[in-house]
Amino acid sequence: MSPLLEVRNLSVAYGAIEAVRDISFTVEAGQIVSLIGSNGAGKTTTLRTISGLLRPASGEILLEGEPIHAQPAHAILGAGVAHSPEGRRLFPRMTVEENLQLGAYVRKDDGVEKDMQRVYDLFPVLGERRHNKAGLFSGGEQQMLAMGRAMMSKPRLLMLDEPSMGLSPIMTQLIFDTIKELKEQGTTILLVEQNALAALALSDQAYVIDLGRTTLQGPGHELLADQRVRDAYLGES
Ligand SMILES: Nc1ncnc2c1ncn2[C@@H]1O[C@H](COP(=O)(O)OP(=O)(O)O)[C@@H](O)[C@H]1O
Ligand SMILES: [Mg+2]
């Protein structure tokens, strides 16, 4: 059986700048897979290309064996790939409920109410504040809403770009606990993080990206023990 997502020899450029160079990785259904690496490595560019917001210069992106890299973004979302973007990108003047409804706009089934309740069960504070405007929320609450909004499309693959960015240690822990819980509920997750320690600890597979290239890959716990990773990304040098 094909993996849920397969990225093959992907290169992406902004004009003359090659941001992603020949990256390959796979995400099996049910896994948490992480892309880690320093600022500017090409992680966000990779996720935006999978979402159809950028086009590859070369390479392929396959969802259950079917190429998606030439499809428009709304079709990729409709095929089951949701993206919680770096910086969260909520609609600040809209309420929690309205932001969640927007996440469900590609769906045609009648399970939207039930899934909204599922988001509120996962993040009770969002339920309590469902009629409040998103722009008034703390960074942690906005991250919860960004994840909840992505979940509302009922994705087969949930991509999270820097979910812990700018959050307190307690809020970071809560977000990582939720990622683990989502996996236990059966969601497949592609995670991008600069917090390598926390990301590797919960990843089935991880890829280290440096200057647009994959430099190391392996199970999260193996990379966590790798001296090269510890020196470069875990602040032990
Ligand atoms: N819109 C853009 N135009 C030109 N260059 C960009 C743009 N976005 C990102 N880049 C460049 O592409 C490279 C990869 O960036 P990015 O994918 O955002 O990295 P990461 O998410 O790993 O921090 C960097 O060198 C960055 O400066
Ligand atoms: Mg980024």
Peer 1: Can you name the residues that form a side chain to side chain donor-acceptor pair (under 3.5 Å) with Asp121, not counting sequence neighbours?
Peer 2: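 Partners of Asp121 under the side chain to side chain donor-acceptor pair (under 3.5 Å) test: Gln117.
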Peer 1: Which atom pairs, donor and acceptor, lie under 3.5 Å between side-chain atoms of residues 156-169 and protein residues at least two apart or in another chain?
Peer 2:
residue: Arg156; atom: NE; partner: Ala79; partner atom: O; Å: 3.4
residue: Arg156; atom: NH1; partner: Glu64; partner atom: OE1; Å: 2.4
residue: Arg156; atom: NH1; partner: Glu64; partner atom: OE2; Å: 3.3
residue: Arg156; atom: NH2; partner: Ala79; partner atom: O; Å: 2.8
residue: Asp161; atom: OD2; partner: Thr44; partner atom: OG1; Å: 2.8
residue: Glu162; atom: OE1; partner: Gln194; partner atom: N; Å: 3.0
residue: Glu162; atom: OE2; partner: Gln194; partner atom: NE2; Å: 3.4
residue: Ser164; atom: OG; partner: Glu193; partner atom: OE1; Å: 3.0
residue: Ser164; atom: OG; partner: Glu193; partner atom: OE2; Å: 3.1
residue: Ser168; atom: OG; partner: Met171; partner atom: N; Å: 3.1

Peer 1: If you link ILVMFWY side chains whenever their heavy atoms are less than 4.5 Å apart, which other residues fall into the same cluster as Met94? By chain and number, please.
Peer 2: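 Members besides Met94, by chain and number: Phe91, Leu102.
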Peer 1: Tell me, please, which residues at least two apart from Pro219 pass side-chain contact (heavy atoms from CB on, under 4.5 Å).
Peer 2: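 Testing Pro219 for side-chain contact (heavy atoms from CB on, under 4.5 Å), a comparison that skips the adjacent residues, returns Gln205, His221, Glu222.
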Peer 1: Got a sec, which residues hit side chain to side chain donor-acceptor pair (under 3.5 Å) with Asp109, two or more places apart in sequence or on another chain?
Peer 2: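 Side chain to side chain donor-acceptor pair (under 3.5 Å) check on Asp109 returns Arg107.
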Peer 1: Would you be so kind as to tabulate the donor-acceptor pairs closer than 3.5 Å made by side chains of residues 26-37, with sequence neighbours excluded?
Peer 2:
residue: Gln31; atom: OE1; partner: Glu28; partner atom: N; Å: 3.2
residue: Ser34; atom: OG; partner: Ser203; partner atom: OG; Å: 2.6

Peer 1: What pairs meet the ring-ring contact (aromatic ring centres under 6.0 Å, His included) rule with one or both residues in residues 15-68, with sequence neighbours excluded?
Peer 2: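 Every pair satisfying ring-ring contact (aromatic ring centres under 6.0 Å, His included) with a residue in residues 15-68: Phe25-Tyr207.
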Peer 1: Hydrophobic cluster mates of Tyr105, side-chain heavy atoms under 4.5 angstrom, ILVMFWY only, any path?
Peer 2: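 Listed partners: Leu77, Val106.
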Peer 1: Taking side-chain contact (heavy atoms from CB on, under 4.5 Å) as the definition, give me every residue that meets it alongside Ala75, ordered by chain and number, with sequence neighbours left out.
Peer 2: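 Ala75 satisfies side-chain contact (heavy atoms from CB on, under 4.5 Å) with Gln71, Pro72 once adjacent residues are dropped.
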Peer 1: Checking Thr95 now: which residues fulfil side-chain contact (heavy atoms from CB on, under 4.5 Å) with it, not counting sequence neighbours?
Peer 2: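 side-chain contact (heavy atoms from CB on, under 4.5 Å) check on Thr95 returns Glu97, Glu98.
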Peer 1: Using residues 124-131 as the side-chain source, report each donor-acceptor pair under 3.5 Å to any protein atom, sequence neighbours left out, with the distance given to one decimal.
Peer 2:
residue: Arg129; atom: NH1; partner: Glu141; partner atom: OE1; Å: 3.0
residue: Arg129; atom: NH1; partner: Glu141; partner atom: OE2; Å: 3.2
residue: Arg130; atom: NE; partner: Gly127; partner atom: O; Å: 3.1

Peer 1: Not counting sequence neighbours, which residues clear salt bridge (Lys or Arg N to Asp or Glu O under 4.0 Å) with Lys183? List them please.
Peer 2: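 With sequence neighbours excluded, Lys183 shows a salt bridge (Lys or Arg N to Asp or Glu O under 4.0 Å) to Asp204, given in chain and number order.
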